[in-house]
Each structure stands twice: as C-alpha cells, then as structure tokens.
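A quick write-up on the structure given underneath.
Values below: every heavy atom of this structure, side chains too, minus hydrogens, waters and symmetry copies. Letters A, B, ... are given to chains in the order of the sequence lines, protein chains preceding strands, and every chain is numbered from 1.
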2 protein chains.
Amino acid sequence: MEDAKQDRLERAGWRVGDAGDFLELTPEEAAFVELKLALAFYLRELRAAQGWTQTQTARRLRSSQSRVAKMEAADPSVSLDLLVRSLLALGASRADVGRVIARAA
Amino acid sequence: MEDAKQDRLERAGWRVGDAGDFLELTPEEAAFVELKLALAFYLRELRAAQGWTQTQTARRLRSSQSRVAKMEAADPSVSLDLLVRSLLALGASRADVGRVIARAA
DNA sequence: CGAGTATATGTCACAACTGACATACGCCGC
DNA sequence: GCGGCGTATGTCAGTTGTGACATATACTCG
C-alpha cells in the first residue's frame with residue numbers, strides 16, 4: 001500500500017496495515033467493517049443484476065462513477081448512510097438490507 | 001414545532017412540516033427514516049435492558065450524553081454509521097442489527 | 001419549594017463525508 | 001499498437017456529522 005493511501009485511510013479513522021494488523025481491530029470495529037463489506041458486495045450484485053455500468057448507476061443516484069466504485073469497494077470514505085440510501089434507491093427493500101446485514105460473514 | 005428547530009432540521013437536509021407533509025418523502029427517504037428510527041429505538045431498549053443512564057452509556061461510547069439522546073431520538077444530525085457502531089459497541093451482534101432493520105415498520 | 005438526577009435541545013469548532021474531476025488501469029475488438 | 005469502454009484511485013472544495021458544552025425540561029425525594 002502506498003503511503004499516500006495509508007495517510008488518507010488513517011485520516012479517515014481506520015487502522016491500516018498488512019493482514020496481520022487486522023488482529024488489532026476490536027470486535028466491534030471488525031464487525032462494522034464486515035457489515036459494510038457485505039452491503040458493498042450487495043450493491044455490486046444489485047447493479048450487475050440490472051446490467052448497469054457504474055456510470056449509469058451514478059447518474060441514477062445523482063452521484064459520480066468514482067463514488068459508486070468506492071461504495072462497491074467499501075472504501076472508508078463511504079459512509080453507511082450513503083451505502084444504505086443507495087441500496088434503497090436502487091430498489092432494495094428495508095428487509096433486503098436487513099437480511100444482507102444479518103447474514104454471517 | 002418551533003421555527004428554530006425547523007430551521008435546524010432543514011439545514012440538516014430533512015423536509016420538515018406537519019404530518020401531511022410526510023407524503024412528500026420519496027419511498028426511499030421514508031424507508032431510510034424508518035430504518036433509522038428502528039435502530040434508535042433498539043438502542044434505547046439495549047440501554048434500558050442494562051439499566052444504564054445516557055451519561056453512563058455516553059462514557060462507554062466515548063461520546064456525550066447529548067449525542068446519546070439524539071441517537072435515541074433518531075435526530076437527523078445522527079448518522080447511520082454512528083448508530084450502528086454504537087449498537088455494536090453496546091453488545092449487539094451484526095445479526096441483531098440486521099434483524100432490527102429487516103423487521104417491518 | 002429546592003436539590004438532585006435523567007433526559008432533551010441548541011450551538012459551535014473541528015473532523016469526516018460527498019460529488020466532481022482528473023487520471024490510471026485492464027480488457028477487448030480492430 | 002491504438003481507441004474505446006468500464007472500473008479504480010487520488011484529490012479537493014463545499015457540505016454534513018461529531019463531541020462537547022450550556023441550558024432546559026421533567027421527575028423524585030426530602
């Protein structure tokens with residue numbers, strides 16, 4: 001990982017490092033990251049199921065292609081708010097979101 | 001509702017008004033608000049089940065009493081991130097959070 | 001009635017997120 | 001190889017969220 005990215009991530013509040021360092025995450029932090037990852041993958045699934053490009057999806061969400069890419073990557077600069085609101089806007093139901101979150105990692 | 005509060009809410013991005021105006025929310029916006037409300041009530045349940053005060057809870061979350069109050073009220077100034085991270089920190093599991101979100105309004 | 005405790009609301013300086021833009025990477029058909 | 005397309009990454013100005021503090025309301029116990 002380049003230093004620039006690490007700086008950005010750390011400013012954004014994540015502990016950053018190689019795989020071994022993940023053990024330093026508290027259980028809550030780990031659960032939160034996994035939860036975000038699950039929603040991120042679901043967003044990609046939803047988009048793929050419709051056959052849309054990130055650019056088309058971005059237009060639909062009134063956002064930008066880069067933000068959609070970051071959402072799907074569960075980038076630390078993406079909030080849960082944005083992820084969930086995007087999923088709902090793309091047609092997921094509240095129950096769908098709940099199911100994805102509850103599903104084991 | 002006092003004007004001051006209405007101003008604050010509108011600055012925070014909500015459409016504000018009496019009950020009838022809620023019809024102006026898009027379905028996604030409504031679902032998002034309900035989802036937040038469900039988590040907010042769950043936070044209060046969790047706290048009450050432990051017999052903690054908001055102040056004690058705030059210390060545990062490294063936040064302030066006022067923010068806990070706002071979380072439980074699903075105040076627009078509270079993000080989903082904060083709500084979910086708080087629930088996890090208070091002992092809720094990822095599955096618990098998912099279940100609360102999925103549950104019908 | 002106070003004093004004490006729990007919760008709610010208003011405000012602000014500072015930190016984090018967002019959309020947009022630029023640019024880079026990877027893949028495919030020509 | 002090159003151009004086009006889809007996706008990924010870096011950056012930044014403007015907006016929004018956060019913790020803390022002050023203050024307000026509400027309830028209980030002497």
(request) Give one of base, sugar-phosphate or nothing for A/Ser64, where a contact means two heavy atoms less than 4.0 Å apart. (result) base
(request) Report which part of the nucleic acid B/Val78 touches: base, sugar-phosphate, or nothing (heavy-atom distance under 4.0 Å, all strands). (result) sugar-phosphate
(request) To the nearest Å, give me how far apart CZ (A/Phe32) and P (C/dA16) are. (result) 14 Å
(request) Evaluate the side-chain proximity of B/Leu83 to B/Ser86: yes if any heavy-atom separation is below 4.5 Å, no if none is. (result) no
(message) Which is more 5' along DNA chain C, the nucleotide nearest B/Gln54 or the one nearest B/Arg85? Just name the residue.
(response) B/Gln54
(message) Expressed as a whole number of angstroms, how long is the span from A/Arg67:CZ to C/dG19:P?
(response) 6 Å
(message) Any donor-acceptor pair, under 3.5 Å, between the side chain of A/Lys70 and the base of C/dG19, if you only look at N and O atoms?
(response) no
(message) Minimum heavy-atom separation for A/Arg60 and A/Trp52, please, with both atom names.
(response) NE-CH2, 3.4 Å
(message) Quiz question: going by heavy-atom distance under 3.5 Å, is there a donor-acceptor pair between the base of D/dA8 and the side chain of A/Gln65?
(response) yes
(message) Measuring only between side-chain heavy atoms, which start at C-beta, is B/Glu28 closer than 4.5 Å to A/Arg85?
(response) no
(request) State which of D/dA8, C/dT7, C/dT11 makes the closest approach to the side chain of A/Ala69. (result) D/dA8
(request) Work out which heavy atom in B/Ala58 is nearest to a heavy atom in B/Gln65; give both atom names and the distance. (result) CB-N, 3.5 Å
(message) Output the rounded distance in Å from CG (A/Asp81) to P (C/dC17).
(response) 10 Å
Each nucleotide N or O in nucleotides 28-30 of chain D that has a protein N or O under 3.5 Å away: list the pair and distance.
none

(request) Choose from D/dC21, D/dT18, C/dA20 the nucleotide whose nearest atom is closest to any side-chain atom of B/Ser66. (result) D/dC21
(request) Using whole Å, report how far CD of A/Glu72 lies from P of D/dT9. (result) 12 Å
(message) Donor-acceptor pair, distance only, cut-off 3.5 Å: does the side chain of A/Arg44 make one with the backbone of A/Met71?
(response) no
(request) Could you state the atom-to-atom distance from CG of B/Leu80 to C1' of C/dC17 in whole Å? (result) 14 Å
(request) Please examine the side chains of A/Glu72 and A/Gln54, heavy atoms only from C-beta on, and report whether any two atoms are closer than 4.5 Å. (result) yes
(request) Measure the shortest side-chain to side-chain distance between B/Leu87 and B/Asp96 over non-hydrogen atoms and say whether it is less than 4.5 angstrom. (result) no
(message) Using a strict heavy-atom distance below 4.0 Å, which residues from residues 42-50 of chain A are in contact with DNA chain C?
(response) none
(request) Measure across B/Leu80 and A/Asp81 and return the closest heavy-atom pair with its distance rounded to 0.1 Å. (result) N-OD1, 2.9 Å
(request) Using whole Å, report how far CZ of A/Arg62 lies from C1' of C/dA20. (result) 15 Å
(message) In this structure, how many angstroms lie between the P atom of C/dC21 and the CZ atom of A/Arg59, rounded?
(response) 12 Å
(message) Between P on C/dG19 and CZ on A/Arg60, what's the gap in Å once rounded to a whole number?
(response) 16 Å
(message) Go nucleotide by nucleotide along DNA chain C from the 5' end; which of B/Thr53 and A/Leu83 gets its closest nucleotide reached first?
(response) B/Thr53
(message) For the backbone of A/Ile101 and the side chain of B/Arg94, can you confirm whether one donor and one acceptor N or O come within less than 3.5 Å of each other?
(response) yes
(request) Test for a donor-acceptor pair under 3.5 Å between the base of C/dC17 and the side chain of B/Ser79, counting only N and O atoms. (result) no
(message) With heavy-atom distances below 4.5 Å as the criterion, would you say the side chains of B/Arg103 and B/Val100 are in contact?
(response) yes
